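First comes the structure, then the notes that go with it.
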Amino acid sequence: MATIYSFKEIEEKWQKYWQDNKSFCADSDPAKRKYYLLEMFPYPSGKIHMGHVRNYTIADVAARFRMQQGYEVLHPMGFDAFGQPAENAAIKNKTKPDIWTHKCIDMMRSELKQMGFSYDWEREVSTCDADYYRWNQWIFLKMFERGLAYKKASAVNWCSSCETTLANEEVVEGGCWRCHTKVDQKDLDQWYLKITEYKERLLDDLQQLSHWPERVIAMQTNWIGKSQGVEIYFRLKGSDTVIPVFTTRVDTIFGATYCVLACEHPLVKELIKGTPQEKEALRFIEKVVKESKITRASSDVKKEGVFTGAYVINPVNNEEIPIWIADYVLMDYGTGAIMAVPTHDQRDFLFAKEHGLSMRVVIQASGSTLQSPGEMKEAYEGDGIQVNSGQFNGLQNQEATQKIAEWMEKQGIGKIQTHWRLRDWLISRQRYWGTPIPMIYCPKCGIVPVPYEDLPVDLPRDAPFTGEGGSPLGKVKEFVEVSCPKCKGKSRRETDTMATFFDSSWYFLRFCSPKFEGAPFDEKQAKYWMPVDQYIGGIEHAILHLLYSRFFTKFFQDLGMIDFPEPFNRLLTQGMVLKDGEVMSKSRGNIVDPDSIIKRYGADTMRLFILFAAPPETELEWDDRGIEGAFRFLNRVWRIQENLKEKAAPDVLKALHKTIKKVTDDYQDFKFNTAIASLMELTNAIYQSGADKEVFKNLVLLLGPIVPHFCEELWQMMGGRGSITKVAWPKYDPQYLIESTVTMVVQVNGRVRARREFPADITEEDLKSHVLSDEKLSPWIQNKPIRQFIVVPQKLVNIVV
RNA sequence: GCCGAAGUGGUGGAAUGGCAUACACGUCGGUCUCAAAAACCGAUGAGCGUAAGCUCGUAAGGGUUCAACUCCCUUCUUCGGCACCA
């Protein structure tokens, strides 16, 4: 590694310049087009990692590019500063979360500045500051007023290691998303947000998000989990009790040969009472309920169950069918009861075989005449023709699904219904380092919200959090003991804090007016800046953060504070940075520290490499030799400036204008790797033929967004004034893109046989006569009749013989 | 099982119906040098051939087309999400 340009000096110089001149402060200017560029803000761990470097470098190029294109750019940065790691670190280092977090923020801010990112630091926010979290409390109160925040006692996900509850979205493969401890179920009285009230809009509006990655849309669709079907009413034999059952395959109703209830189904105890099998059933139920959800899900083959002794009547044919209890039916989906159709559902098939239950074929695959279930080796779950289905025989099953549903509704024996997977969002956390939930419990008045004028409910600076469980705030007397806002009687504060995903569900709005006093955000500012034009972050937030943010946005829309339904117009999910094919992690010991790269090569080289090595969306393999190559390229460019000519050769001018077009298009589409490749090609061309001052200045402008310090310095050396970010983006002259002659490929039967120069405007006839009289081509064409002559203008001819 | 993404030289990757492998890394050769480094120039998919050149080649197989990495069908592999979801 040979150093030509002194990156250290240059980078420090320009970072100071940008700061002193407030080069990146955004101002809402109605005369200009705005561009709001946002990256998912970091948790302040104290050090940035390569994932941050990649995420923020991608964004920074876009921001600087838009600035030069004349947009008013909002490019803010802040810190998602509440959360558990601060508590753990504070316990470990015998300090306070508050002190630890602010120290980390200071460290990270200075690391981000070292990268040369174009943030408007005047707008920085930290979610742990009362100026921020008081608006969490404000939003919570608004939701409470509208019945969207409510308290409910129920079985919740509990992580025994983190000593706190978890949202459904925070349970990953049956474990805690943070520490992977197995999640238990625990009965607790907790606060929920009614995100389910927005399920239709959250699903339907995904359609509008045409610039979101397909996989994120798919994951959210999946998560919301809409399924349409029919709720069928089965009457208990010898009683008026009705057992509703949900199915998406009402076309198979005539093949229902038994029903199954989940163990937790409220009717179960009643049904088995006093029957000979009561004891066996109770033992079975106890066993299943004890097993957690995860183990039930993983035991995929064996289906166990017991007969209740009771029967229901199938309303379509008045058949009596037995009711079973089984482990494969879950209480928390549908109605907790199913109709079983062994011939057309694989789970029912296995269960029926195991317990010798009867079966009936009701759907025949086209071309099949299968009637006897005994011949079946597995359930037939495909489409076909209805058989054994009364008046619906002969219909295509998809048509029958519709007809049967309508008929059942008319008969009053069923109802067309939709079921959803999405559950309400549990936000209570038994932790210290979070936003206090602004609620008061009065023995006389019940649950009383803290009045708006009393916000914020400050988080006490001292609390005995030890990691031993229970809400730490509950141990702070001055915090807990409060008088009721209504009756002034002795009352008690809520001691749980909010899940930190609450904080990040609206921070993009706060950035529009970070110091606004009257509300979470200034509606006028939000109207100018929102929605975010481009959002960039990791795929790990595809469900959680992005779904919650969409929910909050719709809530603000309902409050009339904003007039758009979706917060993020475009979303880019950047790929991970790998080392030796694996994710960088402490445990693997394969971490490359950005700081060490900055020291050795400078921030510009790291930015260049990370953009060049792979397109933004794909995984990126870190390569120490690749970074050498990036550094080499910058030195190459630097050296051009020492050997400028009076006048550039025409081929270099041509190359320049082609490059301006290519780079502009590529930046627009976040194709930075190919933009850099074409800038390298231009550099190679300059090395061949030499460049003049004009050409070089343009090269510097084009490279500016990627390696800003380097280019600012070169720009100044070339006599430029001020920051390069204020200089208009280069325009290409189409005249240079017009070629007088072109090299065309000549194919015979689709195989390349020659390349020939032709005038760009040659007619097809001339082309034909030239090509056909070409001696070199004659062996391929000779004496064979020409069937077709295909011309792709300026590119290729294909002779078919 | 369902949904989604991907599979191209020794390596990262380019080409979205029209020259497969741009650009870079690595490797090899050359120039410069007492020498080395750096820098600069050149070669670099595989096979056959002295050569001009020919053949094969984008996970596998089939199809559409004058022409397919690209579009369609089937299959395989990897990664990600959801999952006894009725």
Side-chain angles (χ1 to χ4, degrees), chain A residues 1-4 172-173 213-223 225-227 229 245-250 252 260 262 293 296-303 326-330 332-341 344-348 350-351 381 419-421 539-540 542-543 575-576 578 608-609 612-615 617-630 632-633 635-636 639 671 673-681 683-684 687-688 743-755 776 787-801:
Chain A
M1 163 180 134
T3 309
I4 301 290
V172 180
E173 284 171 8
E214 227 178 298
R215 61 174 168 160
V216 176
I217 304 277
M219 280 159 79
Q220 292 217 355
T221 305
N222 236 328
W223 187 263
K226 181 180 184 173
S227 66
V245 152
F246 179 72
T247 182
T248 53
R249 287 294 305 273
V250 73
T252 64
V260 187
K293 269 193 199 167
R296 275 171 78 172
S298 61
S299 61
D300 45 358
V301 190
K302 198 131 186 228
K303 310 228 176 296
D327 55 359
Y328 77 98
V329 173
L330 307 173
D332 54 13
Y333 188 80
T335 60
I338 64 155
M339 64 169 197
V341 186
H344 305 295
D345 181 289
Q346 185 60 15
R347 294 156 302 174
D348 298 342
L350 291 172
F351 189 84
E381 296 182 337
H419 275 261
W420 303 79
R421 216 189 73 94
I539 185 72
E540 66 272 19
I543 298 171
M576 284 190 288
L578 310 180
L608 176 65
F609 167 72
F612 181 56
E617 262 139 331
T618 56
E619 291 179 335
L620 183 150
E621 176 68 28
W622 183 267
D623 180 6
D624 289 325
R625 286 184 295 211
I627 200 124
E628 283 278 351
R632 203 177 305 162
F633 170 70
N635 282 313
R636 242 167 105 81
R639 247 178 264 120
K671 283 151 91 177
N673 55 330
T674 50
I676 293 167
S678 67
L679 286 163
M680 285 173 167
E681 283 180 80
T683 304
N684 291 342
Y687 262 73
Q688 295 284 336
T743 309
M744 291 181 72
V745 168
V746 185
Q747 295 184 331
V748 181
N749 286 345
R751 315 200 67 122
V752 181
R753 296 301 180 191
R755 288 179 181 86
K776 214 186 139 214
R787 293 226 319 262
Q788 243 180 309
F789 191 84
I790 289 144
V791 179
V792 182
Q794 316 219 352
K795 274 191 183 154
L796 162 150
V797 294
N798 189 14
I799 308 156
V800 186
V801 296

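Remember, it's a predicted structure, so these values are computed and weren't measured experimentally. In what follows, chains are A, B, ... by sequence order, proteins preceding strands, each numbered from 1.
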| NA contact type, Pro615(A), heavy-atom cut-off 4.0 Å: base, sugar-phosphate, or nothing? | sugar-phosphate
| task | Tell whether Asn798(A) reaches the base of C66(B) with its side chain through a donor-acceptor pair below 3.5 angstrom. | result | yes
| Does CE in Met576(A) sit with more than 12 non-hydrogen atoms of other residues, nucleotides or ligands closer than 6.0 Å? | no
| query | Of the candidate nucleotides A39(B), A86(B), C19(B), which contains the atom at the shortest distance from the side chain of Val745(A)? | reply | C19(B)
| request: Could you work out which one of G81(B), G18(B), C56(B) sits closest to the side chain of Ile543(A)? | output: G81(B)
| request: Mind checking Ala218(A) for me? I need base, sugar-phosphate or nothing, with any heavy atom below 4.0 Å counting as a touch. | output: sugar-phosphate
| field | Spacing of Arg751(A) atom CZ relative to A67(B) atom P, expressed in whole Å | value | 12 Å
| note | Picking from A39(B), A5(B), C84(B), the nucleotide nearest the side-chain atoms of Glu214(A) would be A5(B)
| query | Quick one: Arg787(A) CZ to U65(B) P, roughly how many Å, whole number? | reply | 12 Å
| Looking only at N and O atoms, is any donor in the side chain of Arg755(A) or the base of C19(B) less than 3.5 Å from an acceptor on the other one? | yes
| query | What nucleotide among C82(B), A22(B), A86(B) has an atom nearest to a side-chain atom of Arg421(A)? | reply | C82(B)
| query | Do Asn222(A) and Arg421(A) have side-chain N/O donor and acceptor atoms under 3.5 Å apart? | reply | no
| field | Rounded interatomic separation in angstrom, taking OH from Tyr687(A) and P from C40(B) | value | 5 Å
| message | By nearest heavy atom, map Asp623(A) and Ile338(A) onto RNA chain B; which one lands nearer the 5' end? | response | Asp623(A)
| When the C1' atoms of C69(B) and U58(B) are considered, how many whole Å apart are they? | 5 Å
| said: Please name the nucleotide paired to C69(B) by Watson-Crick or G-U wobble geometry with both distances under 3.5 Å, or report none. | reply: none
| said: Using the P atom as the point on both nucleotides, what is the distance between G4(B) and G42(B), in whole Å? | reply: 48 Å
| query | Nearest to the side chain of Asn222(A) - C54(B), C40(B), C3(B)? | reply | C3(B)
| request: For the pair Gln747(A) (side chain) and Leu796(A) (backbone), establish whether a donor and an acceptor sit closer than 3.5 Å, ignoring hydrogens and angles. | output: no
| task | Rounded off to whole Å, could you give me the CG-to-P distance for the Asp345(A) and C2(B) pair? | result | 14 Å
| Interatomic distance, Ile790(A) CD1 vs U65(B) P [rounded to whole Å] | 12 Å
| said: When you measure from the side chain of Tyr328(A) to the backbone of Phe351(A), do you find a donor-acceptor pair of N or O atoms at a distance under 3.5 Å? | reply: no
| request: Classify the angle between the aromatic ring planes of Phe246(A) and Tyr333(A) as parallel (below 30°), tilted (30 to 60°) or perpendicular (above 60°). | output: perpendicular
| said: Can you tell me which nucleotide in A24(B), A22(B), C85(B) comes closest to the side chain of Leu330(A)? | reply: C85(B)
| said: Please pick, from U55(B), A86(B), C19(B), the nucleotide with the shortest atom-to-atom distance to any side-chain atom of Thr248(A). | reply: A86(B)
| message | Within the 4.0 Å heavy-atom criterion, would you say Glu619(A) contacts the bases, only the backbone, or no part of the nucleic acid? | response | sugar-phosphate
| Trp420(A) CH2 to C85(B) P: how many Å, rounded? | 19 Å
| request: Please work out whether G9(B) sits syn or anti, treating a glycosidic angle within 90° of 0 as syn. | output: syn
| request: Among C85(B), C23(B), C41(B), find the nucleotide with the atom closest to the side chain of Arg636(A). | output: C41(B)
